[in-house]
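Okay, so here's the structure we're looking at.
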Amino acid sequence: MIYEGEFLKDAISKLLADGYRVFAPSRVGDFHVFREISSAEEADFNYILPRNSAKVAVFPQNEILIEYGDWIERVPMEEKRIAIVGVRACDAKAIKLLDKHFLEGFVDPYYKSRREKLLTIAIACNNALINCFCQSLGINPRKPEADVVVSEIDGRVFVSADTEIGKSFLQGFNLRNENEEELEIKKRFESEELKMREIRVDVEKLKKSFDSPYWKEVAINCKSCGVCTYLCPTCFCFDIYDEGEKRGVRIRTWDSCQFPLHTLESSSHNPRAEKWQRLRNRFYDKFYYTLRKGNYYCVGCGRCIDFCPAGIDIVNAISEVR
Amino acid sequence: MKIVTFACNWCSYAGADLAGVSRLKYPEDVRIVRVMCSGMVNPAWILRAFRQGADGVVITGCHPGDCHYMVGNYYAKKRYLLLKELMKFVGFEDERLKLLWASASEGKKFAEEMDSFKKLIEQLGEQKQLRWTP
Amino acid sequence: MSVLVVGGGIAGIQASLDLAESGVKVYLVEKLPVIGGRMSQLDKTFPTNDCAMCILSPKLNEVARHENIEIINNADVVALEGSAGNFKVKIRKRPLYVDREKCTGCGVCATLCPVNAVDEYNEGMNFRSAIFLRYPQAVPKVFAIDKSKCIGCGICYNACVAKAVDYNQKEEIVELNVSSIILAPGGRLFDAKKRGEYGYGIYKNVITSIQFERLLSATGPFEGHVYRSDGKVPKRIAIIQCVGSRDEKTNPYCSSVCCTYATKHAILAKEHIPDVEVHIFAMDVRTFGKGFEEYANRAKKEYGVIYHKARVANIMEKKDGNLLIKYEKDGHSYEEEFDLVVLSIGFEANEELRKYSEIFGIDLNEFGFVLTDSFAPIETSKPGIFVAGVASEPRDIPESVAMASASAAKASEFATERSFAKKEEFPPERNVIGEAPRIGVFVCHCGVNIASTVDVVELAEFAKTLENVVFADHVLFACSADTQEKIKRAINDYELNRIVVAACTPRTHEPLFKRTLMEVGLNPYLFEFVNIREQCSWVHTDRARATEKAKALLSAGVAKAKLLEPLQFVEVEVVKKALIIGGGLAGMVSALELAKQGIESYIVEKESELGGNLRHIYYTIDGKNPQEFLKRLIKEVESNPKIKVFKSSVVESVEGFVGNYKSKIKTPNGVEEVRHGAVIVATGAREYKPKEFNYGHPKVITQVELEERIAKGEVPNSVLMIQCVGSRNEERPYCSRICCQVAIKNALKIKELNPDAEVFVLFRDMRTYGFLEKYYEKASKQGVVFVHYTPENPPKVNVNGEEVEVEFYDEILGENLIAKPELVVLSAATVPNEDNEITSKLLKVPLDANGFFLEAHPKLRPVDFSTEGIFLAGIAHSPRLIPETISLSLASVSRAMTLLSKDKLVMDANKAEVTKERCDACGICVKACPVNAIEIVEFKTRTGVELKASVKKAVCLGCGICSASCPKGAIVVKGFTFDQIKSAVDNLLEVVV
Amino acid sequence: MNEIEKIKDALKSSNAEKIVAFVRKESEPREVLKVLSPNEVDKISFSPLSLNNPAKLLMQINGKVAVVAKGCDSMAIRQLIKEGKLKRENLFIVGISCKGVVDYRKLAKFVNLSEVNDVELNGNDLVLKLKNGEKRIPFLEVVDENCLYCGHPTPVIYDVLIGEPREGKRDFSDIEQFERLSREERWNYWISQFERCIRCHACRSVCPLCYCEECMVDPSNLAVSPMSTPEEKASYPRILGKTVNARDNTIYHLLRVLHHAGRCVGCGECERACPMELPLRMLERKLEKVVVEIFGYDLNEDIPFFSKLDIVGD
């Protein structure tokens, strides 16, 4: 369907009016970040990819698990509905991956409380960034998996909904059906591949290369920071700690497998004491270990390449594994 | 109000003791942590104190030249200045951080300074800038 | 060989401790069943108002615990044979009727005893049982039966679980061989009944000062509440001075301490009863000691205590028990009504001295005190027997303590062997590593000192709610011997591995508790002190808020205790030499005494000859020749092979630490480097060069200049002396102590040489304390005219060309008079040396507000600095007379010997330590350390060799400059680690009310 | 001979076992640091997009190593030598007199980076060699702002110097200007910056001075051992948790920066690494100003700033 006007902004206004917590790209200086906004003006869609991923909406960087005094005093759960507006295909796919992690097998109640009330409005990509490689991972950047998908093609705003929640949301909008030409345009748009980098994943090779000196070489300049993991839309590691001795809160925060202390055991043993072990672990986590969940846990957004202060490139590292 | 006072064992802690011996009154908000020397006070403790909700932090030590360890208080002052300047730069209410020289015989000064510091902090109100909140 | 100390008061205690610490075996004989003496009865001590028991009690416990001290209680010396170095003494041990070994001091017997006997400890103001302990903190903590009161009912015998009661105990005679003897039996208080006009013993509301002291005390008859006999709270209190002192009919001498203790009583009365009015009636206010004048000023200005320069003629009791006081002031008579009268009774010679003079063969003076010599104030007339405390003259606690230390120095000259305790005396240390903290908390009432402001019961309950606290209790006195037992029991019963005591300041009592821990095999560093007295109850008034704060402090203490770890003491070799700064009387006496004890010393004198101020003293008030004495001293010093004198020299730098100093001395022949284990500061003081009274005019001179003239034979025909020139004013609030004596000395000398000379003395208070009073008396009799003036209306010295005239107000005539003396003599203040500041910085020791050196504690550590290894001698401490200077100097030697007699010093374990896992060897700490205690060394690890910082423990002072410099918290001072303090800060801020 | 050839020659003249130098990144126009063996010298590259500081990388290499260092890089190397982390005798430093580096993110605004083959500084312009054609951008528009305040464009320590020495400057005008703002303005500015921080610790990880194995703000304890009591282990976080909020982030940055007083070499790696573009150098420069103006400390001094006894005031 076609919407005349700025659909995303109007959608935000409606969502806010409906009592949603809305996460959308918002401009900070020269770049965009996903964050919770309180008015449509705060959102800005003149972007390709925000710095951080949309996972903040369902898996916030810190969240209170319990409030305690002498005993547990409160278990805060998300009560409001949540909407992510302006998510790209990569981030949208990542949320599906996080769902597998948090909701299959052990169900994370905190994640669930948000996920159940989530509405995603995705936006199709018109351009790729220098380090985008989602297509080689089977993601169509022009056809994101979301409740509502918005494609802006040649000045026309196409809006579609594949899910019930998406469809019911769209009922409040003045949309018209596409004409034949427009359907054709959209179809062509969706089938046209963007020019981007490609990753070649050879799982068998990965399996064999676990002990390869290659990883040390890749990791030589790794700084053990958390940029790759914190920007990654599919990284889900977290840490839990208590703030306050006599009364306080138990908090869950993101953690990064790249931090040397991530795996430090209280016996003082650290199974991944070396940075190459940690980096290798991350790569395997993306392309090998997580296969038991049925997917690669990489969506090809390229953030970890763009922002790695050491210039480590997951595409090269995985493609050239020996 | 909560005021954390780091007091060096040799001068200021003894000065605080003297204030007690002389029955000089100062606000209950002042809570003293004994350290061996003002030069031992780690800026991290100060930041931590503010994070945990201190409304003011006082580093007390021997007068310049009187340090039991010769120079500890000079180092204390150096670190204090650095932290204070930095906090001022980011717009923190740096008056909340105070350095006080108080000798073992200055019980009166100790009590008076604590009193006036408390009054200053009261004017500023609760410290919210660095206080941790979930 | 060993030393016998007679008398277990503070002097005997200090002497015993000094001797024991320097390795000499001590027998401490006390006539009562417990030691503690007069000081144990005091509530507070002047001029700091320190709680007397609080500072005494640790010493009592130390005596009880010291392996070199044997207390022989309830005993007296009955015979002496032999001579110095080899005395044989017979001691009679009177029966306690309780087995000393079996009694645990539990006190069940006393609660059951049906007898009500007069309680001497509380000066007859309440009752005790026949089986009793003199006071709760008493040492040895053994009950005794007062046979004169016992009715023999057998209740106690049956009640005692330990089977300690033994009615058939017999007197015992023990014989001891000792090399020297210290006499410290103390003094006796004047019997106020002898001054019938004051009605003591007849009027119910006339009490003595010692009774008032007990009234004020939290352990007194009314738990610190001041009531009259009828239960009324007094609103007007009169304190009458010189009861039994400065009195022809009873004791002509001055008792020295009463004016200051009366000031203390007035202040404390004001603190106990805020709306009370206190009047002190005194002829002169003799607050002459260090800090005493300032104390009296505070009493006047801050507490509104009223001083009358008056003599009380008599007291009449009214029907309601109130008292009418008749007194004379400025030549007029007045009458005023009070509801309580306190008689400031003085000291008399101990009745036992007569007995001792016979047994020991020592001479007594005209007043029955032990006779001493101005130049040998510690020695009795018999070699090898020394005296300390009030036995030779009335004196206050610091003087007694100094003298006790001095006597210890003299006594140990004869003790050839020294022995030190072995480490094995403590049970083996329990290994607590890996154990979860099990914390025991003890909250102290400190009588009412804490409990009156902080709810200690609630605090103890609060402690129980804290994590890891498995035991919490509140105790009347945390420092008492029975609490120590309680702590030990709790440690054993509850398997405690950390102890937290919430009481007073750690600066005084921490060692006591640490030792208690050691006695049950717990590492002493598993102890944390929480100060809820000096830094809570004493500085706050709001009970709820003070309790809340106490909770926060306790919570912080417990949090820190959780993270405490066992630490091991650090041992250091001792360089058995001393550096003495100053070659005056104090320096020389110290050096000679050290030499006698076998210790080498270096005297550094800035002038070209030895002698200091003594060079300008030509005669003493008691007719001795100081110049001869000085010559003898100099000769002895310069010929002694153990003493090296550097004249015209100054100390340039002092590096190192207790036991191990390295100093540079700048001498005319270049810089010399010396190594030594201790430092004695004997830099002296000097006479003030007055700015007032036209000093500088040829006819206006100082006392020292007068003395010089008299010595040269220039005796004036008329002299007018003005006292307190440059003392007791805004700029120098202290009393210079010696000037009254000097004025009288010179006045008497003038009268002696020129009986017709006119001598006027304009004074504010004549402070001829102690036996000096007799010279004041003598001067008056010889026609020296004393005229009182007030600081508001001081005399004026007018200069008219060559002539001077003095205009002053005569209170009795009520008019201004003009005198034209031949000389105006100013009794100028004694002022600190200008270079005290340099010395203070050099040694890192503090000066007091007046610029004199500040001792570690004004009462009980008069010659120590808080820095270990540095001591104070002579008038660098405060102005004082020759005998007092000698006594202080010998005292500093005694204190120094507690270090220098040892081969090794055991040092505190609170030193920096590197957590190797965190250290990156960046070296910031290495270069920041003021004593170069840190180095980078190679460590072998599993993977190879790594560089890490490492601390030289013996050099480290534990200041923590390194720890705050380290960006990763890898170097910490044990006991003050990053996490310990962080945790404490957290808990200080987070407290649940 | 151009710059790169000179560098290669210099590197070849060293007898180092390893070379730390810039190598062109595949797929992007910038260089990244690599550790090469001597026979790989020809792989090296150098351009105004050779952004990173090699000093930290040097710390993990044993034996003799040759390194290409810009002015600030050499400052870092010297500082690390001062702090005992590097040994001068193990280093062969090819110093490059630096004209400044490009701000990669700024550049991305001018051009689609995937179009760029090469960059080159030509006079006052940055010349971009594109897949089709050439583009010139005034260098000042894309230069890393940090380079505008550079105090040491010429290496302070080197074995071979490439390029003409150039003067650095000491300019705190930006800091002074900021200081003139009201307290509220300053706080609002910083809190809005710190709010963004995601505490990925990249600033710390790339900083050549942040070599501590365990940082003060790390939430767990490297020094745990089997001997540690549960209480010791439980007494963490030491200062902060991993929670991300404006206040904790503020404390993290203040504390981190505080440890750099008198040490910060001004390479700007922290800002470059920050995915949230926090103006971290401003804090460092403020401290530099304090260190210089109040304490009169010079980074060239041998004694570390924190070890130095300063008697200030009173």
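Values reported hereafter were calculated over all heavy atoms of this structure, with side chains retained and with hydrogens, waters and symmetry mates removed. Computed from a predicted model, the values in this text were never measured in an experiment.
- Salt-bridge check for A:D108 with A:R252: passed, with a basic side-chain N closer than 4.0 Å to an acidic carboxylate O.
- Heavy atoms of A:I251 lying under 4.5 Å from chain D belong exclusively to its side chain.
- A donor-acceptor pair is defined here as one N or O able to donate and one able to accept, closer than 3.5 Å; no such pair exists between the side chain of A:K223 and the backbone of D:R204.
- Interface summary for chain A: among D:T243, D:N112, D:L57, D:V35, the most heavy-atom pairs under 4.5 angstrom belong to D:T243.
- Formation of a donor-acceptor pair under 3.5 Å by the A:D242 side chain with backbone atoms of A:G248 is not found in this model.
- Formation of a donor-acceptor pair under 3.5 Å by the A:Q258 side chain with backbone atoms of A:R278 is found in this model.
- D:K109 places no side-chain N or O within 3.5 Å of a backbone atom of D:V142 that could act as its donor or acceptor partner.
- With a 4.5 Å cut-off on non-hydrogen atoms, A:N131 touches chain D through its side chain but not through its backbone.
- Of all heavy-atom pairs spanning D:R24 and D:E28, the tightest one is NE-O, 2.7 Å.
- Within the structure, salt bridge (charged side-chain N to carboxylate O under 4.0 Å, His left out) contacts touching residues 61-70 of chain D (residues at least two apart or in different chains) are D:K70-D:D73.
- If you measure heavy-atom distances from D:P279 to chain A, you find no contacts under 4.5 Å at all.
- Scanning residues 22-38 of chain A against chain D with a 4.5 Å heavy-atom cutoff picks out A:V28, A:D30, A:F31, A:V33, ordered by number.
- Side chains of D:E195 and D:S192: no donor on one and acceptor on the other come within 3.5 Å.
- Under a 3.5 Å cut-off, the side chain of A:R247 and the backbone N or O of A:Y68 do not form any donor-acceptor pair.
- Between D:S37 and D:N39, the side chains place a donor N or O and an acceptor N or O closer than 3.5 Å (distance only, hydrogens not considered).
- Taking chain A as the reference chain and counting heavy-atom pairs below 4.5 Å, the highest number among D:R105, D:R199, D:K106 is found for D:R105.
- In terms of modelled atom types and a separation under 3.5 Å, the side chain of D:N249 and the main chain of D:C197 share a donor-acceptor contact.
- Among the residues in residues 297-319 of chain A, those with a non-hydrogen atom closer than 4.5 angstrom to a non-hydrogen atom of chain D are A:I305, A:D306, A:F307, A:C308, A:P309, A:A310, A:G311, A:D313, A:N316.
- Chain A forms the most heavy-atom pairs under 4.5 Å with one residue out of D:V206, D:L113, D:V32, D:I198, and that residue is D:I198.
- Note that OG of A:S136 and CD of A:E198 are 5.5 Å apart. Values are rounded to the nearest 0.5 Å.
- Chain D is approached within less than 4.5 Å, heavy atom to heavy atom, by A:R51, A:N52, A:Q61, A:N62 from residues 48-64 of chain A, ordered by number.
- In this structure, the portion of A:S224 lying under 4.5 Å from any heavy atom of chain D is its backbone and not its side chain.
- Closest of all the heavy-atom pairs between A:C225 and A:F259 is C-CE2, 3.8 Å.
- Looking only at distances, no side-chain donor or acceptor of A:R250 sits under 3.5 Å from a matching main-chain atom of A:I66.
- Look at D:E40 and D:K34 and you find no salt bridge, because none of the NZ, NE, NH1 or NH2 atoms lies under 4.0 Å from a carboxylate O.
- Your options are D:Q60, D:R30, D:E31, and the one with the most heavy-atom pairs under 4.5 Å with chain A is D:Q60.
- The pair D:E269-D:R272 meets the salt-bridge criterion, with a side-chain N (NZ, NE, NH1 or NH2) lying under 4.0 Å from an Asp/Glu carboxylate O.
- The most heavy-atom pairs under 4.5 Å with chain A, out of D:I61, D:L33, D:V20, come from D:L33.
- A cation-pi contact links A:R88 to A:Y47, judged by a cut-off of 6.0 Å to the six-membered ring centre and 45° from its axis.
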